[in-house]
Amino acid sequence: METILVLHGPNLNLLGTRQVDVYGLTTLAAIDDSLRELAAELGVEVDCHQSNHEGELLDRLHAARATHAGVLFNFGAYTHTSIALGDALRAIPLPAVEVHLSNVHAREAFRAHSHTASAAVGVVTGFGADSYSLGLRALIGYLRRTDG
Ligand code: DQA
């Protein structure tokens, strides 16, 4: 069965209590649980990790290149700062989908720029926790269209 790497970046471990007006009340554990349920419906598995460290996110991407079918990621603030994560996505042969809980285009100007979006198949932004399920569906749809 295909496995999708799900990567959550810095501060997303605090979901549920962090700026709930912006990010909502859903915890990261609840997001991962619902992704696992949806993955089972879609006939895939998800492998979910959160890190506050850019290097660990890079290492996870590199390690996934031979074992996983795709990547669903929310790199948090690293989205707007990390050339290295964009390069890593371009260095591995896996399709990736970028997601954000908030609508990054309706917030501060610096959030409108992503170093990683151009390395992704597409971006889902602004639907709260639903951004993740929409992103997973989109990624699986992409894989099914392009597989063999
Ligand atoms: C975020 C948006 C980023 O700008 C922010 O730094 C985050 C969360 C989102 O999911 O809306 O940490 O990626």
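First listed ligand is number 1; within each ligand, the first listed atom is number 1.
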Heavy atoms only: which of E98, E108, Q19, R18 is nearest to atom 12 (O) of ligand 1?
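Looking at heavy atoms only, R18 sits closest to atom 12 (O) of ligand 1.
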Ignoring angles and geometry beyond distance, decide whether [X] reaches within less than 3.5 Å of ligand 1 through its nitrogen or oxygen atoms.
X    : result
V99  : no
S102 : yes
V104 : no

Please answer: with hydrophobic residues joined when any side-chain heavy atoms are less than 4.5 Å apart, are L136 and V6 in the same cluster?
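Same hydrophobic cluster.
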Same hydrophobic cluster for L143 and V99, using side-chain heavy-atom links shorter than 4.5 Å among ILVMFWY?
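They do share one cluster, since a chain of ILVMFWY contacts under 4.5 Å joins L143 to V99.
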Does R65 CZ have over 12 foreign heavy atoms under 6.0 Å away?
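At most 12 heavy atoms, drawn from other residues, nucleotides or ligands, come within 6.0 Å of this atom.
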Residue and atom name of the nearest protein heavy atom (relative to atom 1 (C) of ligand 1), distance in Å to one decimal:
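Ranked first by proximity to atom 1 (C) of ligand 1 is H100 ND1, 3.7 Å.
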For atom 9 (C) of ligand 1, the protein heavy atom that lies nearest, with its residue and separation
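It is L101 N, 3.4 Å.
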Do [X] and [Y] meet the criterion of a side-chain donor-acceptor pair at a distance under 3.5 Å?
X   : Y   : value
N52 : Q50 : yes
H8  : D32 : yes
E98 : T79 : no

Given that the side chain starts at C-beta and the backbone is N, CA, C, O, which of these parts of V22 lies under 4.0 Å from ligand 1, counting heavy atoms, or is it both or neither?
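None of V22 does.
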When you look for heavy atoms under 4.0 Å from ligand 1, do you find them on the side chain of R111, its backbone, both, or neither?
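Only the side chain of R111 comes within reach of ligand 1.
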Would you say the side-chain atoms of R90 pair up with the backbone N or O of G86, donor to acceptor, closer than 3.5 Å?
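Yes; at least one donor-acceptor contact below 3.5 Å.
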Angle between ring planes, H80 versus H100, binned at 30° and 60°: parallel, tilted or perpendicular?
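Plane angle under 30°, so parallel.
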Looking at ligand 1, would Y23 count as a contact under a 4.0 Å heavy-atom criterion?
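For ligand 1, residue contact (heavy atoms, under 4.0 Å) with Y23 is present.
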Heavy-atom contact check, 4.0 Å cutoff: does T79 meet ligand 1?
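No, that is not the case, since the closest heavy atom of the residue is not under 4.0 Å from the ligand.
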Need the ligand 1 atom indices (1-based, order shown) with element for anything under 4.0 Å from a heavy-atom of H80.
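Contacts of ligand 1 toward H80, numbered from 1: 3 (C), 4 (O).
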